[in-house]
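Below you'll find the structure, written out as structure tokens, and then a few comments.
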Amino acid sequence: METVLVTGGRGASGRWVVDRLAGDYEVVVVDYDHPGLDVDPAPHVSFRAADLAERDQALDVVAAVDPDAVVHWAAIPVAGTHPEGRVFETNALAAKHVLDAAGRADAPVVQASSDGAYGFFFAEPTPFPDELPVTESHPLRPEDPYGLSKVTAEAAAGAAARRHGIPAVSVRPSWIQYPSAYACRAEEYVTDLDAGAGNFWSYVDARDVADLVTAALSDLLGASPAVDPGTHEAVNCVAADNALGRPLRDLLRESYGEIPDDCAVDEGAFDARDDRGAYAVAKAARLFGWTPSRSWRDAADEAIAEPTLFAE
């Protein structure tokens, strides 16, 4: 069985990724803290501790595991929770070190980026997209340290791919939601149009994120990968509908006024009557056969226990 090293695998979304991969692969979870030697891991899961922002530790732990592939999911996940410099430095350095280590190990990489890389959410005022739906080729213009760290991580993935001849994929999830705990359906969110305007009311279920990571990883480890060695690709990871269940054009006009004339609207992929999200997901479908399959309509109240990663 192939071995996959997953950084940040004990985090809120990382544990869903680990749970999805374990059994198909032997998964080694690397986090800042170890859960303890008295803890019994779930089948096909083991744990190691390392400060991945420290280059020697990142290189050492990846070399020691010698994985067949690396999923880099560790990061300070949002802006505003830590000093700006710490958010950027931790995320950017950890990505650079882990990606370099993966390259040395000849291990393909799937890493967590974010729709924050586009620079919409934390900008004041929120800029309108150059295009609808927003494709992966849209310019990346973050102003905040979190979004900037993700742009840096994507650049580091491209550099590692070119230098070491490995394939690399950056997944750009929108706001990740969890079964029976959909924050995007809280009353204060659905009754305040401005609450979700910064990312155009987009979201994605954690299980859809884990499915895309799995699909990308399977492709990179396959005989004829869609992403060639030495190249890096970024893919959006967003639910098919928006979190408010209303026509997106209506939401945009109410929140921002008319859609600007210089916004290139793809009429073939953007129906004025439906409640689709603002981000295109066709690239992930084309490369990896992935399409989002969960919606808040079912998942917001779905009673599913979250993964624990430990034996019961």
Side-chain angles (χ1 to χ4, degrees), residues 4-18 20-21 25 27-31 50 52-53 55 58-59 61-62 65 67-78 87-88 90-118 136 140 142 146-164 166-174 176 204 206 208-221 225-227 229-237 283-284 287-288 290:
V4 177
L5 185 150
V6 180
T7 70
R10 294 176 62 201
S13 60
R15 69 188 66 183
W16 290 90
V17 172
V18 172
R20 179 67 177 79
L21 295 176
Y25 307 95
V27 179
V28 180
V29 177
V30 178
D31 269 292
L52 298 171
R55 184 170 180 81
L59 294 177
V61 73
V62 175
V65 174
D68 295 287
V70 170
V71 175
H72 177 49
W73 218 254
I76 296 176
V78 291
V87 171
F88 176 77
T90 298
N91 292 355
L93 287 173
K96 177 67 167 70
H97 301 336
V98 171
L99 289 160
D100 284 350
R104 293 185 181 192
D106 195 29
V109 174
V110 178
Q111 73 164 346
S113 184
S114 168
D115 68 340
Y118 293 110
E136 291 83 355
L140 307 179
Y146 176 73
L148 184 59
S149 76
K150 292 303 183 181
V151 174
T152 304
E154 290 194 19
R162 291 187 297 272
R163 183 174 187 179
H164 299 284
I166 60 170
V169 174
S170 293
V171 176
R172 295 176 182 167
S174 189
I176 300 177
V204 65
D208 278 331
V209 176
D211 286 346
L212 178 50
V213 172
T214 303
L217 197 62
S218 177
D219 176 81
L220 298 189
L221 290 170
V227 179
T231 63
H232 165 254
E233 297 286 353
V235 291
N236 290 334
C237 182
K283 185 177 180 181
L287 292 178
F288 309 123
W290 176 89

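As the structure is a prediction and not an experimental result, all values here were calculated from the model.
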Verdict with supporting geometry, V71 and V27, side chain to side chain contact (heavy atoms under 4.5 Å, CB included): CA-CA 10 Å; V71 175; V27 179; over 6 Å; no
Output all residues satisfying side-chain hydrogen bond (donor to acceptor under 3.5 Å, both in side chains) with [X], sequence neighbours left out; order by chain, then residue number.
X: R162; result: none
X: W73; result: S13
X: S149; result: N91

Which atom pair, heavy atoms only, marks the closest approach of [X] to [Y]?
X: L52; Y: H97; result: O-CD2, 3.3 Å
X: V204; Y: P173; result: CG1-CB, 4.2 Å
X: V171; Y: C237; result: CG1-CB, 3.6 Å
X: K150; Y: S114; result: CG-CB, 4.0 Å
X: A107; Y: A69; result: CB-CA, 3.9 Å
X: V227; Y: A168; result: CG1-O, 4.0 Å

For [X], which residues count as a side-chain contact (heavy atoms from CB on, under 4.5 Å) partner, sequence neighbours excluded?
X: S218; value: Y25
X: A155; value: none
X: V151; value: A117, L140, P142
X: A284; value: L212, V235, W290

Atom pair OG1 (T7) and NE2 (H72), whose distance is rounded to the nearest 0.5 Å: 4.5 Å
From T90 atom OG1 to F88 atom CZ, the distance as rounded to the nearest 0.5 Å: 10.5 Å
Quick one: salt bridge (charged side-chain N to carboxylate O under 4.0 Å, His left out) partners of [X], sequence neighbours excluded?
X: E154; value: R172
X: D211; value: R20, R294
X: D219; value: none

P67: which of V30, L5, V28 passes side chain to side chain contact (heavy atoms under 4.5 Å, CB included): L5
Note, V4 side chain near D68 side chain (heavy atom, < 4.5 Å): no
pair I166-L99: side-chain heavy atoms closer than 4.5 Å: no
Salt bridge (Lys or Arg N to Asp or Glu O under 4.0 Å) contacts touching residues 4-17 (sequence neighbours left out): R15-E306
Side-chain (K96) to main-chain (A53) donor-acceptor, under 3.5 angstrom: no
Check: D115 main-chain N/O paired with N236 side-chain donor or acceptor under 3.5 Å: no
Residue pairs passing the side-chain hydrogen bond (donor to acceptor under 3.5 Å, both in side chains) test where at least one lies in residues 101-112, sequence neighbours excluded: Q111-S170
